[in-house]
There are 2 protein chains.
Amino acid sequence: MNSRPPSEDASWDLVFQALAHESRRRMLDILKDRPGLTVGALAGAFDVSRIAVMKHLAVLEEAGLVVSQKDGRARRLYFNPMPIQLVYDRWTDQYSAYWSGQVADIKRRAEARAREQKKAEKDKRQ
Amino acid sequence: MNSRPPSEDASWDLVFQALAHESRRRMLDILKDRPGLTVGALAGAFDVSRIAVMKHLAVLEEAGLVVSQKDGRARRLYFNPMPIQLVYDRWTDQYSAYWSGQVADIKRRAEARAREQKKAEKDKRQ
DNA sequence: TTCATAAGTAACATCATGGTTACTTTTGTG
DNA sequence: CACAAAAGTAACCATGATGTTACTTATGAA
């Protein structure tokens, strides 16, 4: 398990990596709707082997997106939204300037700026 | 290049996979601040070889996070925030119920629900 | 035209990922 | 206790990701 929040770079890797597989995203959806599901019950919802599902779960737990606890011979699984919350906090902050309306035209404006830069370089050389 | 938005599952894979590497996230940060940067100039900001940087760029372009265009013998690079916007749209929608204050207590409530389930199963068997 | 620069391609090495089957351990129940 | 069920571990395989060096192509400039 990885208990620290994704404040260091490597932790973001774990979160994004975990989300970069449809099966794992689907696991999160399922666990969101049915918290406390056991490993076997979750595995039943997938075509691949139970062991494959357990490996996906290990990835999700490493990323902190799933937490679990033993309950007799079963293990109960819970979705933990915190890492996604943190992804949201960090990235919308950093890119919020782009969100609001001025998004569509980025490339054209960027090209204009590139022409400026190029011209400036040329002028400097001469 | 991958021109379609991440509405199909496989496209989400590409976006998350692309974000799951610190170097690539840093490339996005750099390109956000300096649109129109050339491949070589971008590569200069990294320790790894130019070829490695080009491979990272290929991943980012596949995901639609970077667009580029030739300019003479150079290639100019631009950050495209659209896929991140779409990630935000989809995931905050789907998980918004968790965002608002009731987050901290998920596990405890889930455990209570699990006990309910377990009890119900037991009752059914008897 | 000649040369240097920017970018791209090929081939390869290494390690991680995602899957399998077979076996072991833990634990509840007849 | 004896057995079945749930989970976990080990070993293996195929493929993909990340990096390298060496070479090729395209283009701007002397």
Side-chain angles (χ1 to χ4, degrees), chain A residues 1-2 9-10 13-27 36-63 66-78 114-115 117-119 121-126, chain B residues 1 9-10 13-27 36-63 66-77 114-115 117-119 121-126:
Chain A
M1 192 178 10
N2 166 27
D9 292 334
D13 285 8
L14 294 179
V15 175
F16 286 121
Q17 187 63 52
L19 293 173
H21 196 290
E22 168 59 15
S23 298
R24 288 192 291 259
R25 291 194 299 274
R26 196 146 68 81
M27 287 179 189
L37 213 59
T38 64
V39 173
L42 179 64
F46 292 84
D47 286 339
V48 298
S49 69
R50 179 180 56 88
I51 287 80
V53 170
M54 288 208 302
K55 289 187 181 181
H56 282 307
L57 282 172
V59 172
L60 290 167
E61 291 199 276
E62 277 295 313
V66 164
V67 294
S68 71
Q69 64 177 38
K70 293 235 64 173
D71 173 21
R73 68 184 157 184
R75 201 172 113 224
R76 301 205 170 269
L77 304 167
Y78 308 94
R115 276 193 300 275
Q117 274 179 217
K118 203 180 169 185
K119 185 171 176 299
E121 284 161 22
K122 198 174 183 180
D123 292 350
K124 205 163 66 179
R125 278 197 303 277
Q126 287 171 344
Chain B
M1 195 178 5
D9 292 334
D13 286 8
L14 294 179
V15 175
F16 286 122
Q17 185 65 51
L19 293 173
H21 196 291
E22 168 59 15
S23 298
R24 287 192 291 260
R25 290 194 298 274
R26 196 146 69 81
M27 287 180 190
L37 213 60
T38 64
V39 174
L42 178 65
F46 292 84
D47 285 340
V48 298
S49 69
R50 179 180 56 87
I51 286 81
V53 169
M54 287 208 301
K55 288 187 181 181
H56 282 307
L57 281 172
V59 172
L60 290 167
E61 290 199 274
E62 277 295 314
V66 164
V67 294
S68 71
Q69 65 178 39
K70 293 233 62 172
D71 174 21
R73 67 184 158 183
R75 200 172 116 225
R76 301 204 170 269
L77 304 166
R115 275 194 298 276
Q117 274 180 218
K118 202 181 170 185
K119 184 169 177 302
E121 284 160 23
K122 197 174 185 179
D123 292 349
K124 206 164 68 181
R125 276 197 307 276
Q126 287 168 345

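The sequence lines fix the lettering, A, B, ..., with proteins before strands; numbering per chain opens at 1.
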Which listed nucleotide (C/dG8, D/dA4, D/dT9) is nearest to the side chain of B/R75? C/dG8

Atom pair CG (A/L57) and CZ (A/R75), whose distance is rounded to the nearest 0.5 Å: 6.0 Å

How would you label the contact of A/S23 with the nucleic acid (heavy atoms, under 4.0 Å): base, sugar-phosphate, or nothing? nothing

Under a 3.5 Å distance rule, please check whether A/R50 uses its side chain to pair with a backbone N or O of A/A43 as donor and acceptor. no

Under 4.0 Å: is that the gap between some side-chain N or O of B/H56 and OP1 or OP2 of D/dG19? yes

Closest-nucleotide ordering on DNA chain C, the 5'-leading residue of A/V48 and A/Q17: A/Q17

Rounding to an integer number of Å, can you tell me how far A/L77 CG sits from D/dA7 P? 8 Å

Write down the distance between CG (B/L42) and C1' (C/dG8), rounded to a whole number of angstrom. 16 Å

Would you mind telling me which of D/dG28, D/dT18, C/dT26 lies closest to the side-chain atoms of A/R73? C/dT26

For C/dT20, does either OP1 or OP2 sit under 4.0 Å from a side-chain N or O belonging to A/S49? yes

Quickly work out the B/E61 CD to C/dA7 P distance and round it to whole Å. 12 Å

Rounding to 0.5 Å, atoms CZ (A/R26) and NE2 (A/H21) come to a distance of 10.5 Å

Can you check the B/Q69 CD to C/dA6 C1' distance for me, whole Å? 16 Å

Distance, rounded to the nearest Å, where B/L19 contributes CG and D/dA17 contributes P: 15 Å

Whichever of A/K70 and A/K55 has its nearest DNA chain D nucleotide further upstream toward 5': A/K70

Residue B/V39, side-chain heavy atoms: nucleotide from D/dA7, D/dT18, C/dG8 that is nearest: C/dG8

Give the rounded distance in Å between these two atoms: CG of B/D71 and P of C/dT5. 18 Å

How close or far is atom C1' of D/dT18 from atom CD of B/E22, stated in whole angstroms? 15 Å

Can a donor-acceptor pair be found, under 3.5 Å and without considering hydrogens, that links the side chain of B/R24 to the backbone of B/Q17? yes

Side chain of B/R50, base of C/dA6: donor and acceptor closer than 3.5 Å? no

The answer to which of A/A74 and A/D47 contacts DNA chain C further toward the 5' end, by nearest nucleotide, is A/D47

Rounded to the nearest 0.5 angstrom, the OG-CG distance for B/S23 and A/D13 is 8.5 Å

Output the rounded distance in Å from CZ (A/F46) to C1' (C/dT20). 18 Å

If you check every side-chain atom of A/A52, which of C/dT20, D/dT21, C/dG8 has the closest atom? C/dT20

